[in-house]
Amino acid sequence: MGAKSPFSHSPIPHPHSRGRSPKAVRIILAGLSHKTAPVQLREKLALYGQATRDALHGLRDATRMDECALLATCNRMEVYGFSREEDWQEQLLGFLAGQAGVLPGQLQDHLYWYEGGLTVRHLFRVAAGLDSMVVGEGQILGQVKEALQLSQDAGTSGTVVHRLFEEAIACGKRARTETEIGRGAVSVSLAAVQLARQILGRLKNHTVLLIGAGDTGETTAKMLLDDGAAPNLLVCNRTQERAEALAGRFGGSAVQYQQVHEALVRADIVITSTGAPHPIVRAETLKGVMRARRGRPLFLIDIAVPRDVEPEAGELEDVYLYNIDDLQEVVEKSKAERQAEAVRVESLIEEDLLKFQGWLRGLEVGPTIRQLQEFAEAIVRGEQERVGSRLSHLSERDREVVDTLVRGITQKLLRPTILHLKGAASSGNGYHEVESVRAIFGLSDGARGEAEVLD
Amino acid sequence: MTAVNLAFLLTLLCYFVSSLLYHIHLFAGSDRARNAAPILAGAGVLLHTAAIGLWCMQGGSVLRDGGMPLSLVAYFLAIVQVVVSFNPRWASLGSLVMPLAFIAEFYGTWTTPGLSEHSTTASPLLRPHVTVLLLGFAAFTLAFCLAVFYLVESRLLKTKHLRGIFRRLPPLESVGTAAHWLAVIGFSMLTLGTITGAIVAPERWGPQWYLEPHFLVSMVAWVVYAAYLAVSLLLGWRGRRTTYFLIAGFVVVVVAYFASGNPTRNSPTGSAAATVAVGRPA
């Protein structure tokens, strides 16, 4: 039997390097991500919805894993499992290569392999956004939840994988609420939208004027509408058809280019992103607009290059002008802050990892303790039956006294062993002690429970 | 120290610590401070309720005894702050509201000489008259706090300081809107209080009541807020310039309160009171 702790922290560099007992059961991970594989390979492993469920069934059949889940996003494909198979790496390599339609050799160098505590830590880091392309991004948390849901739907998750993912989700949420890892904008469009929210609060019932119907404008419009608090969206573009098309897609209304002055008076916030080679919103124009607005503040977010709004416009009273450099500065600071917060998140992850380890260790010795108690109970019952006829002269009360006496002696005899097992579990040696106790008491392997041996 | 004194003292302590915590949240970004501050403010409100209850049970009146009306204003402010703190974005308002509540409470309890014997022949309009004026005072105070927040936030936006405290301030437009509606409420209360005051004032000051200093200053405040409402409601003015009206109006309201020493004693509400010191609240 392998002598490694359930939480050995050594990554597994190669799938042909270990000699373990065939009975060892461990939490395992094989995967690739944007850090290890090019998009050409990642896209071959992309899975969605029903295809993921089908892949989970195929995975369980191909690898004989006790439990498994797939975390498939555009940036990563990871297989999490709970396996007692010695050659799990070869099996997973074969499965993933089959899924991607490539030879195992082509895939092998892009894969990473973890087991035990390293697997748990990796998933916690993924859920917290530390392993994401944009550190702290929130989408991954939803994807981890979806992975759990899909494995439940497919019937491939059990006690351990379910708990593993639930703890990862809790860890991800904790990271975002207790640290600032998810705060601040990490793209110019997002910075523009966050600024709009900071100024206007809920965007619903406000009017946002989008000048320019290009890609950036579209991205910004999408982000404005993403959280469900849809503002009244006005789209103004030199080409009216494009303005109408974009407005139509996002439930807004198009404004004719000649009527931009009226739209500027009406809007609460203006986002410009045209490809015009010269400013299209002049300071002089804005003076007239501000007079018509009667002091109502005007927020201009200019994310176009070259700039759409004359810089002098920012000097007008009650005009707040932000250009792409201002927003880029916000983005850079946010990214730097997130990197700084990553240290705090790592320590949260270590705390959660310890808690998960505690739970796993409980699983490790729990079944053996229960089996030991059942073993003792069976002996007591057997002896009672054997001598029952010779004690028939005793009264009901006397029989109860004898019964209490026998059970008391049994419990006291078992107590040091149970305490020893619990202590061993706490110190990380549960597995070894479980083996000794099982050998001494002659406990059968059949009733170990699936999570009893973890490596 | 009597129970009522102790209750007022503990109220002051809660408001003070809560003010500190709101400041720590605003300037240091402490989430723990943000969570603890409303708890302290809430505890202060409960103690304040008990203190006011005990004061009234002993025969006192929070509407006319010394600085007690100011204590009542502090009470209203603290309640509003506890409620708005349920929204994390608005918790930072406490860094201005709670210190003002603390100052009002401190001044109110410090300057109250003791319990008073009150005339039973006073006009039935006296109580509503004072109550609406105090509610108006609280509304103007909150509008003032929001106006200050608006100016600070708009300055940060103009200078593009989008980090630090900017992140913990409520949305700019919501601040402006809330300040506007509080000014509307305060103005309505002030108008109602002035009308009811005009009805009962001749009892105290005779036919020349309108020449009383605090009445004249109150009218200045009324004019300032009326001007604010005229430019905002009739002309549609918004933004930084209109917030100056709210700040100026509040300053005049405070002057009006203190214009004649203890306004409640000099006002129609206090006219028939014969103050008898039986104990100080703090």
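To find a chain, count down the sequence lines: A is the first, B the second, and so on, and within it residues start at 1. Below, each value reflects all heavy atoms present in this structure, side chains not excepted, and no hydrogens, waters or symmetry copies.
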Test side-chain contact (heavy atoms from CB on, under 4.5 Å) applied to I165(B) and L156(B), step by step: CA-CA 9 Å; I165(B) 69 166; L156(B) 291 171; 3.9 Å; yes
Quick check: under 4.5 Å, non-hydrogen atoms only, which of residues 320-335 of chain A neighbour chain B? Y320(A), L321(A), Y322(A), D326(A), V330(A), K333(A), S334(A)
Going by residue number, which parts of residues 281-291 of chain A are within reach of chain B, meaning a heavy-atom gap below 4.5 Å? none
Do [X] and [Y] sit within salt-bridge range, that is, some charged N less than 4.0 Å from a carboxylate O?
X: E351(A); Y: R174(A); result: yes
X: R183(A); Y: E337(A); result: no
X: D268(A); Y: R296(A); result: yes
X: R344(A); Y: E180(A); result: no

Using heavy-atom distances under 4.5 Å, tell me whether L157(B) contacts chain A through its side chain, its backbone, both, or neither. both
Are side-chain heavy atoms of R240(B) and R155(B) found at a separation under 4.5 Å? no
For T49(B) and Y75(B), does a side-chain donor sit closer than 3.5 Å to a side-chain acceptor? yes
Whether F250(B) and F144(B) hold their rings parallel, tilted or perpendicular, with breakpoints at 30° and 60°: parallel
What heavy-atom pair brings Y228(B) and A183(B) nearest, and what distance separates the two atoms? CE2-CB, 3.7 Å
Applying side-chain contact (heavy atoms from CB on, under 4.5 Å), run through L216(B) and M219(B) and close with a yes or a no. CA-CA 5 Å; L216(B) 292 174; M219(B) 286 318 295; 5.6 Å; no
With chain A, the option among S174(B), P171(B), G236(B), G176(B) that has the most non-hydrogen atom pairs under 4.5 Å is P171(B)
